[in-house]
2 protein chains.
Amino acid sequence: MSGVLHVLLHMAERREPATSEALAKSMNTNSAVIRRILAGLRDKGFVQSEKGHGGGWTLCCDLTKVSLLDIYAALGSPSLFAIGNRSGSPDCLVEQAVNSALDQAFHDAGHLLLARFSEVTLAMLSANVRNRNRSRSGTTRS
Amino acid sequence: MSGVLHVLLHMAERREPATSEALAKSMNTNSAVIRRILAGLRDKGFVQSEKGHGGGWTLCCDLTKVSLLDIYAALGSPSLFAIGNRSGSPDCLVEQAVNSALDQAFHDAGHLLLARFSEVTLAMLSANVRNRNRSRSGTTRS
DNA sequence: GCCTCATGTAACTTATGATATTACATGACT
DNA sequence: AGTCATGTAATATCATAAGTTACATGAGGC
């Protein structure tokens with residue numbers, strides 16, 4: 001998730017297509033990893049890829065319309081929590097009671113998290129990046 | 001977490017000390033694993049251990065006073081979320097912006113989750129287990 | 001005292017999933 | 001044709017959790 005957003009925002013910073021190679025370099029990772037990540041997003045229509053000379057990846061969505069929730073969904077809605085439910089003995093009453101209690105808590109927290117995700121658009125993040133850029137050059141300038 | 005609660009509730013079901021061996025069996029795992037888990041809880045004062053004949057583990061806390069949050073804390077407050085923050089390039093403005101946005105969402109959701117944890121006591125879970133037990137034998141009886 | 005039972009702990013071994021790497025096929029542009 | 005870039009499968013590496021083994025320590029029972 002964090003990585004995907006990182007890639008997308010780097011793409012948003014430059015209007016020209018970015019190669020997997022270049023994106024990989026700015027994230028200290030491998031080009032194949034980038035391709036794998038972006039392949040999923042392309043299928044959902046968030047980015048576009050071109051082969052050959054001058055090719056690479058470009059954003060092809062309205063940044064103001066795409067929220068973190070959309071990205072999360074495009075990633076296949078991976079499980080949010082690190083604390084899983086034990087599922088060794090499904091007919092153990094203790095296990096059922098424990099899991100049902102934890103499930104409720106996780107359900108509520110998960111909903112809130114996704115709600116927060118839906119409130120943040122890529123455009124907001126992009127603006128945030130530009131702000132940071134401005135304040136950084138601002139401190140050195142004055 | 002789920003595993004720890006499982007163990008604790010099994011201990012709550014029986015008044016006599018339970019051996020690691022017995023607990024391990026009811027969870028399909030190894031006695032050393034149980035000992036490792038419970039050793040931490042003993043240091044926090046939730047359980048007690050006795051060696052030798054008739055020894056084993058016993059709960060030594062008021063179930064109505066101990067919440068899931070207490071157990072979670074006793075476990076060392078492990079990270080809640082599966083989606084981590086990328087930390088490859090700390091001075092990358094994009095990474096900063098992304099992480100700060102995600103952090104906020106995770107922070108809120110984490111708080112809610114812990115709040116839910118604090119609302120559930122071991123006694124509640126134990127009562128829940130007994131309820132399930134009753135309704136199960138109820139269905140077979142009538 | 002000696003034997004057995006049980007915890008206490010360290011060392012080691014899987015198992016699993018995420019990430020990274022390599023390699024090569026395909027398509028596009030010059 | 002040659003180069004650049006994606007597409008994708010196969011493989012490898014790494015980190016972490018879980019399980020296993022082994023043995024030391026202490027507490028009864030006889």
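Letters A, B, ... mirror the listed sequences (proteins, then strands); counts begin at 1.
Under a 3.5 Å cut-off, the side chain of B/S126 and the backbone N or O of B/L122 do not form any donor-acceptor pair. In this structure, B/S135 contributes its side chain and B/N131 its backbone to a donor-acceptor pair below 3.5 Å. Checked by atom type and distance alone, the side chain of A/D70 pairs as donor or acceptor with a backbone atom of A/S67 at under 3.5 Å.
In this entry the distance linking CG of A/N28 with C1' of C/dA18 reads 17 Å, nearest Å. Atom-to-atom, CD of A/Q48 to P of D/dA5 comes out at 17 Å; the value is rounded to the nearest Å. One can place CG of A/N30 at 14 Å from C1' of D/dA10, the figure rounded to the nearest angstrom. As a whole-Å value, the separation of B/K25 NZ from D/dT20 P is 13 Å. Straight-line distance from the CD1 atom of A/I37 to the C1' atom of D/dT8: 15 Å, rounded to whole Å.
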I need a per-nucleotide contact map over nucleotides 6-17 of chain C, read 5' to 3'. Cutoff is protein heavy atoms under 4.0 Å; write B for the base, S for backbone only, - otherwise. SBBB-B------
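Between A/F106 and A/F81, the angle of the ring planes lies from 30° to 60°, which puts this pair in the tilted group.
Both A/M27 and A/L75 are members of a single hydrophobic cluster when ILVMFWY side chains are connected at heavy-atom separations under 4.5 Å.
Every residue two or more places apart in sequence or in another chain was checked for a side chain to side chain donor-acceptor pair (under 3.5 Å) with A/S118, and none qualifies.
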